[in-house]
There are 2 protein chains.
Amino acid sequence: MNDSRPIRAKSGTNHEGTSAHNRRVIVDALRINGALSRADLARATRLTKQTVSNIIEELERDGLVSSQEAVRKGRGQPSTPFRLVPGGAFSIGLQIDRHVTRAVAVDLVGSVLVRAEAALPPGGPSTGAKVILDLVAGVRSNLARIVRQSDKRLVGLGVAMPGPFGIDGSGDDPWMMGAWQKFPLLETLAAGTGLDVGLQNDAAAAATAERMVGAAHGLDHAVCLFVGYGIGAGLILNGELYRGANGNAGEIGMALLFADGKSTPLEHRASLASLYQHLSADPADPDLHARIDNLALRGDPSIEAWIGTAAADLRWSIHLIETIFDPQTVILCGSAPEGLVNRLIAAVGPLLPSIAERRGRTLPRLQPGMADPWSVALGAAAGPISRAFDPHFAAILKDSR
Amino acid sequence: MNDSRPIRAKSGTNHEGTSAHNRRVIVDALRINGALSRADLARATRLTKQTVSNIIEELERDGLVSSQEAVRKGRGQPSTPFRLVPGGAFSIGLQIDRHVTRAVAVDLVGSVLVRAEAALPPGGPSTGAKVILDLVAGVRSNLARIVRQSDKRLVGLGVAMPGPFGIDGSGDDPWMMGAWQKFPLLETLAAGTGLDVGLQNDAAAAATAERMVGAAHGLDHAVCLFVGYGIGAGLILNGELYRGANGNAGEIGMALLFADGKSTPLEHRASLASLYQHLSADPADPDLHARIDNLALRGDPSIEAWIGTAAADLRWSIHLIETIFDPQTVILCGSAPEGLVNRLIAAVGPLLPSIAERRGRTLPRLQPGMADPWSVALGAAAGPISRAFDPHFAAILKDSR
DNA sequence: GTAATAAGTCAAGACAATTGACTTAATAAG
DNA sequence: CTTATTAAGTCAATTGTCTTGACTTATTAC
């Protein structure tokens, strides 16, 4: 009688799904290719001229695209290129890290318009939540000051913080990240801001940023190896960020290396945490970044030693990523001081021979990513933009409200 | 003037894409849940009753579903469950391995109806192609003998062979797999059979099989660790097989392990190839499988030694897979003798602590997969069925003709 | 026996893409 | 300088698919 095991099924779609997809495809095409005429768009998307005209008209009405001056090229009526309007949409990104929190406001094309930073007070979420909400509110009102009516065009609030998520913390957790992970942060933020809130780990956010404005722009298969306090991989697979079953895909910090007969998690050797430990430095020291940058530039032997190990481990990681994901390219990014990242990239080469060495490659196997301490916050903000405007399977389905 | 860098864009969609998707969603729901009434389908897929009725009518006309006896449950008009008709579609799968080639015919629900096997003559594709075409033709005509009109319902020919694809071979290649990989096999098969031809590596095929009828049935995130002559991972991500940029995703045989200060590819230690070498056995020996099975059952010390190393490496691999993909479950399968696989599975436990140890798990972290030498061929055949009937993003787009 | 409930159908309607003819604006060719 | 050709883009009618709301049917609960 009560045969109530739930029925599992994917969601169907309808006209609105079709229309939504086509809108996204057009926005995506403009993002990847820059300005395009309606005729170009029709050819590229395989939609009819008429359909493209209708969608462009609608997008223009919504303030997402605008026309540029007509261009004559050869015979025929000149074409009218359309481009994305940067101010067509905005998003707020929030990076919550161990000793700093950053918030940014970005526009549709990924330009950062407002930045703000705060130190998290000790004591975890109970006191920190208010600081964060204030930080977001500040960025939001600053954005509104710069761009009139921007609040109406705010598509969401993206949060990036170190993962993994949903795992019981280990206890020895000086920054209380474990407590943060238990705290109903997303709900608090959603309630406090009234915005749609999304979550990514920091490597995923870095990948999202690279995809919107960086080395992964327009790529469908790319992996960002992110060296921060920990180490993680942001996975762009089939043109979208891959999250795994529980949002923890790419958390390779716990991958095990073997050396000297024992196993060590990758992040014990290739991460800023390991560097701080190696240098006996205090990670909360605000000048630490600059000092490390300096040491790296001068070729300090202590740093060089760490770079040697870390680079070897990264070389292995890159080989592993190429072997497992077969991506178009691997992007090395991180929240490390720029000088250090550069030294690291230099030390990583030459790469190990792998399946990625194929004839006809157009992209380098390894590319440097953004070396900007704000890139994770940017990626956090890029999340909602991508969710709102990029074509993806879930956006077609009926339950993707 | 000639600004002809190609415009990159995703394809748009239209009514037909919608309709195709909804059909697939319904077939998928019936595959996952067994028989369902139209009302159930409407609720599960969020389509309207009317739409579901129309689609079911069409599917019934096409011979893909059929009604069962009405069931009374509680008040209201009894519902009429519909189920997939096994004979609604067929597919042929072809496994090309080093010293054996297998072909099977399977139906819509993944039952194997016909099997055939042949030894590949030495000399690579020049002589082998004919053998393969004959094998396929034989299976096809046998299927036609069993099921009238089956040829009309043949959706394609799926091929599985060891990867990686598109890489220059290494030369020392006694079975000429390198030559096979250069040979235009797919084109030859397409021309010779008139069927749609698809290609997967053997681990991917195993995963495809597990998804249709095995432990990954109905899962959206699962990884099959496949121990065969080499070792590979078949990746089910977001409900579809992930292929990577060049079809080589999951080829983890070349992943590097470190021990004794030097690095070794995983497949040098955890693969049948390594076992054969360890035993100084001839892989072409037709009785080898049975003999190894026997030895494994008896606890032969030489085999036990190999199992010890291989299990440790698999334990590491599983940990790595959990760390990187965050799947719902990992499935250990292989073309190894069943006794050996069982010993191996027993020896792999207990698993290393990982991110996969979370409260509220419903599936085991590791599950045994099919231990059937025909499972790769089955997976090969499942490829075209999945392509034709499973919901996926590409099926909605206009250029998926 | 009647009310309530659920499955399923019918026919009209809504929505978004398609089609084919048409307009517009440019260059190429004579 | 005129005309043909080409390409961008619009207009209006059409088509395909899902949706809506009223209706029918079959069963159980009271």
Side-chain angles (χ1 to χ4, degrees), chain A residues 1-4 7 11-26 35-61 65 67-82 395-399, chain B residues 1-4 7 11-26 35-61 65 67-82 395-399:
Chain A
M1 193 101 297
N2 186 15
D3 181 11
S4 60
I7 298 173
S11 167
T13 186
N14 59 10
H15 304 127
E16 285 162 38
T18 303
S19 166
H21 172 70
N22 288 342
R23 263 179 74 117
R24 285 166 185 263
V25 163
I26 286 185
L36 292 176
S37 71
R38 283 165 286 197
D40 283 339
L41 284 166
R43 277 185 294 264
T45 62
R46 299 166 169 267
L47 293 166
T48 60
K49 284 187 294 180
Q50 186 58 60
T51 300
V52 172
S53 275
N54 295 341
I55 293 175
I56 285 286
E57 189 187 9
E58 188 187 311
L59 291 172
E60 194 167 23
R61 208 169 44 237
V65 308
S67 57
Q68 296 181 315
E69 209 165 312
V71 298
R72 296 187 298 259
K73 47 173 191 282
R75 272 184 207 191
Q77 176 168 326
S79 60
T80 316
F82 285 79
I396 290 170
L397 309 184
K398 288 181 105 181
D399 54 7
Chain B
M1 193 101 295
N2 185 17
D3 181 11
S4 61
I7 298 173
S11 167
T13 185
N14 60 9
H15 305 128
E16 285 161 38
T18 304
S19 168
H21 172 69
N22 288 343
R23 264 179 74 118
R24 284 166 185 263
V25 162
I26 285 185
L36 292 176
S37 71
R38 282 166 286 198
D40 282 340
L41 284 166
R43 278 185 294 265
T45 61
R46 298 168 170 269
L47 293 166
T48 60
K49 284 188 293 179
Q50 186 58 60
T51 300
V52 172
S53 276
N54 295 341
I55 293 175
I56 284 286
E57 189 187 8
E58 189 187 310
L59 291 173
E60 195 168 21
R61 208 169 43 237
V65 307
S67 58
Q68 296 180 319
E69 208 164 315
V71 298
R72 295 188 296 261
K73 46 171 191 280
R75 273 183 208 192
Q77 176 169 326
S79 60
T80 314
F82 285 79
I396 290 170
L397 309 184
K398 287 179 107 182
D399 54 7

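Every chain is numbered from 1 and lettered A, B, ... according to where its sequence line falls, protein lines coming before strand lines.
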Residue set satisfying side chain to side chain contact (heavy atoms under 4.5 Å, CB included) with B:Ala39, at least two apart, ordered chain then number -> B:Ser37, B:Arg43
For A:Glu60, the side chain to side chain contact (heavy atoms under 4.5 Å, CB included) test, sequence neighbours excluded, returns A:Val65, A:Ser67, A:Phe82
Q.
Is there a side-chain contact between B:Arg38 and the phosphate of C:dG8, meaning an N or O under 4.0 Å from OP1 or OP2?
A. yes
* Asked: Does B:Ser53 have a side-chain nitrogen or oxygen under 4.0 Å from the phosphate oxygens OP1 or OP2 of C:dT9?
  -> yes
Give every pair of a protein N or O atom and an N or O atom of nucleotides 13-16 of chain C that lie under 3.5 Å apart, one pair per line with the distance.
residue, atom, partner, partner atom, Å
C:dA16, N3, B:His15, NE2, 2.9

Send over the distance from [X] [atom1] to [N] [atom2], rounded to a whole Å.
{"X": "B:Lys398", "N": "D:dG16", "atom1": "NZ", "atom2": "P", "answer": "14 Å"}
{"X": "A:Ile56", "N": "D:dG9", "atom1": "CD1", "atom2": "P", "answer": "10 Å"}
{"X": "A:Asn14", "N": "C:dA17", "atom1": "CG", "atom2": "P", "answer": "12 Å"}
{"X": "B:Glu57", "N": "C:dG8", "atom1": "CD", "atom2": "P", "answer": "14 Å"}
{"X": "B:Leu47", "N": "C:dG8", "atom1": "CG", "atom2": "P", "answer": "15 Å"}
{"X": "A:Asn54", "N": "D:dG9", "atom1": "CG", "atom2": "P", "answer": "13 Å"}
{"X": "B:Ile396", "N": "C:dA17", "atom1": "CD1", "atom2": "P", "answer": "14 Å"}

Salt bridge (charged side-chain N to carboxylate O under 4.0 Å, His left out) filter on A:Arg23, not counting sequence neighbours, yields A:Glu58, A:Asp62
What one should report as the nearest heavy-atom pair of A:Pro81 and A:Ser79 is CD-O, 3.4 Å
When every non-hydrogen atom of A:Gly12 is compared with those of B:Val25, the smallest separation belongs to N-CG1, 4.3 Å
Could you pull out all residues at least two apart from [X] that satisfy side chain to side chain donor-acceptor pair (under 3.5 Å)?
{"X": "A:Arg75", "result": "none"}
{"X": "A:Gln68", "result": "none"}
{"X": "A:Ser19", "result": "none"}
{"X": "B:Ser53", "result": "none"}

Name the nucleic acid region contacted by A:Arg43, choosing base, sugar-phosphate or nothing; use a 4.0 angstrom heavy-atom cut-off, strictly under. sugar-phosphate
A correct 5'-to-3' footprint of nucleotides 20-30 of chain C, with B, S and - meaning base, sugar-phosphate only and no protein heavy atom under 4.0 Å, is ----BBBBS--
Of the listed D:dC18, C:dT18, D:dG9, the closest approach to the B:Ile55 side chain comes from D:dC18
